[in-house]
Amino acid sequence: MCGIIGIVGRAAEVSGALYDGLTVLQHRGQDAAGIATEDNLKLCLHKGNGLVRDVFDVPHMSQLTGTLGIGHCRYPTAGSDGAAEAQPFYVNSPFGIALAHNGNLINAPELKRECFLQDRRHINTSSDSEVLLNLFAHELQEQERLRLQPEHLFQAVAGVHQRCQGGYAVVALVLGVGLVAFRDPHGIRPLVLGVRRSEQGEEYAVASESVALDVLGFERLGDVAPGEAVVLTKHGTMHRQQCASPKTRSPCIFEFVYLARPDSLIEQVSVYQARLNMGERLAAKILALRPDHDIDVVIPIPDTSRTAALPMARALGVEYREGFVKNRYIGRTFIMPGQSERAKSVRRKLNAINMEFEDKVVLLVDDSIVRGTTSKQIIQMARDAGARKVYFASAAPPVRFPNVYGIDMPIASELVAYGRSGDEIEQLLGADWLVYQDLADLEAAVRDLNGDLQQFDTSCFSGEYVTGLASGYLEQLELLRSDDAKSRRREKHAA
């Protein structure tokens with residue numbers, strides 16, 4: 001889960017707009033940030049670890065000149081630790097290319113070997129984004145063109161699609177040409193396109209979420225289609241072409257559950273309305289299981305679950321109340337780099353309002369339960385605040401499998417639902433009752449808003465991976481993703 005953005009302006013420099021866009025996408029990654037711009041065939045690049053506001057200051061911004069550029073904010077997935085893996089990445093041949101990427105290539109090790117043995121290109125980091133950059137550069141190099149036209153860029157993207165497997169959304173800056181944006185053939189990771197009309201002509205932007213376009217005053221044109229490439233030239237022209245054979249469109253359903261902001265539109269679906277639907281369907285399940293429930297109050301765990309909790313309270317005929325105050329200066333717990341840091345952050349992040357819990361049967365609502373550590377602590381906080389009973393509802397089904405398409409969910413053994421029944425999870429979390437959303441209801445909550453979406457990537461819930469996985473892939477992923485492995489890498493970088 002990262003945030004990417006690209007802008008082709010006409011007269012004004014775009015670094016400020018890229019900065020503003022990244023701050024809007026900051027929820028997608030708080031670990032590192034970077035911006036690359038082009039100014040008269042010169043690449044201007046600055047990146048580093050930390051929040052957008054910490055990576056860039058006035059001197060840095062003043063050096064990011066030019067009317068077109070790209071930006072990236074990162075959260076730490078396997079193979080993206082430390083400042084060396086901050087994006088955008090840059091390669092000087094051919095032409096000069098900077099690239100930012102959201103997602104994960106599931107055949108990255110094989111591609112890295114191919115880059116060296118076949119393409120004669122050296123990969124300097126463990127990031128699959130650098131692999132993707134070099135693949136794209138190689139495909140351009142193979143065309144042996146001194147001057148690039150949009151069709152040459154489309155051919156290069158087609159070559160990338162033929163070699164890459166996984167979920168990916170990409171924006172690349174090609175010096176002297178403009179921007180190239182494309183998605184994987186299944187459309188797993190999101191990418192939205194927009195236009196803004198000025199006195200100098202049309203300006204274009206692409207971003208992970210439409211909210212970035214809204215804030216910058218771009219009109220949303222829709223999503224970049226799965227397997228499609230969009231070329232936005234420095235002269236302000238747009239070219240689009242399908243560059244991969246059609247696959248079943250399978251957007252990541254976890255975007256709608258948790259990752260995306262509620263004010264975004266993804267795949268023509270309002271994330272906010274999808275979450276309202278999730279709450280309504282989960283309330284219907286609760287009423288079917290316990291028509292004579294004794295719930296006194298519905299309390300969301302801020303912030304993502306608020307939208308689902310509102311219709312739940314209404315459908316259940318009980319009050320909706322805010323029972324937790326959130327410290328706005330603590331990052332999203334889900335994307336904390338290590339389990340010890342996540343655990344410590346919960347008490348710093350939330351504080352209970354005792355009067356909302358005292359002597360009540362409380363239904364806590366969260367968007368999902370991943371490791372369970374946070375949920376367990378919050379349930380205990382509700383008891384400490386005086387709740388008579390604590391029920392817990394998840395707007396998503398049990399997370400039983402790792403995500404391999406760019407969401408850094410833990411290895412299977414670190415997931416609280418892995419290998420456990422609902423009763424066992426309930427006991428482990430310390431809840432008086434635990435209820436999960438059914439997968440069919442989750443899919444319907446999104447599909448009701450766009451009937452063209454017949455399939456989703458639901459792999460973290462179902463264990464079904466739309467691209468298929470090579471034998472031993474998940475076992476290899478465990479070696480990279482476990483909290484112990486991440487801790488060792490951080491110690492190595494710190495040494």
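The model shown is predicted, which means the values in this text are computed figures rather than measured ones. Computation of the quantities below employed the complete heavy-atom set of this structure, encompassing side-chain atoms and omitting hydrogens, waters and symmetry-equivalent molecules.
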Under a 3.5 Å threshold, yes or no: a donor from one side chain and an acceptor from the other, between [X] and [Y]?
X: His186; Y: Gln165; result: no
X: Thr467; Y: Tyr405; result: yes
X: Gln87; Y: Ser129; result: yes
X: Glu464; Y: Ser459; result: no
X: Glu85; Y: Thr125; result: no
X: Glu202; Y: Tyr204; result: yes
X: Gln268; Y: Arg220; result: yes

Under 4.5 Å between any side-chain heavy atoms of [X] and [Y], yes or no?
X: Met312; Y: Leu282; result: yes
X: Ile425; Y: Leu434; result: yes
X: Ile7; Y: Leu179; result: no
X: Val257; Y: Leu442; result: yes
X: Glu219; Y: Arg197; result: yes
X: Lys376; Y: Val416; result: no
X: Leu140; Y: Leu153; result: yes
X: Asp457; Y: Ile253; result: no

Closer than 3.5 angstrom, by distance alone: can the side chain of [X] be matched with the main-chain N or O of [Y] as a donor-acceptor pair?
X: Glu209; Y: Ile266; answer: no
X: Glu478; Y: Ile411; answer: no
X: Arg447; Y: Leu453; answer: yes

Can we say [X] and [Y] salt-bridge, meaning some charged N sits less than 4.0 Å from an Asp/Glu carboxylate O?
X: Arg163; Y: Glu114; value: yes
X: Lys112; Y: Glu130; value: no
X: Arg249; Y: Asp452; value: no
X: Arg306; Y: Glu322; value: yes
X: Lys285; Y: Asp438; value: yes
X: Arg28; Y: Glu255; value: yes

Report task. Might you work through the salt bridge (Lys or Arg N to Asp or Glu O under 4.0 Å) test for Glu267 and Arg183, ending with a clear yes or no? Result -> CA-CA 13 Å; Glu267 299 288 354; Arg183 292 171 79 192; 2.9 Å; yes
Query - Working for salt bridge (Lys or Arg N to Asp or Glu O under 4.0 Å), residues Asp448 and Arg281 - result: CA-CA 12 Å; Asp448 286 350; Arg281 287 182 174 273; 2.9 Å; yes
Report task. Describe, in one word, how the ring planes of Phe254 and Phe461 are oriented to each other, choosing from parallel (under 30°), tilted (30 to 60°) and perpendicular (over 60°). Result ->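 Plane angle between 30° and 60°, so tilted.
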Query - Within 45° cone of Phe324 ring axis and under 6.0 Å: Lys349 NZ or CZ - result: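 Verdict for Phe324: no cation-pi partner in Lys349.
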**Report entry** His161/Phe182 under ring pair (Phe, Tyr, Trp, His ring centres under 6.0 Å): CA gap, chis, key distance, verdict
**Finding:** CA-CA 10 Å; His161 286 320; Phe182 57 93; 5.7 Å; yes
Requested in this report: Apply salt bridge (Lys or Arg N to Asp or Glu O under 4.0 Å) to Glu203 and Arg196, showing your working.
Outcome: CA-CA 5 Å; Glu203 303 173 311; Arg196 182 173 64 189; 2.9 Å; yes
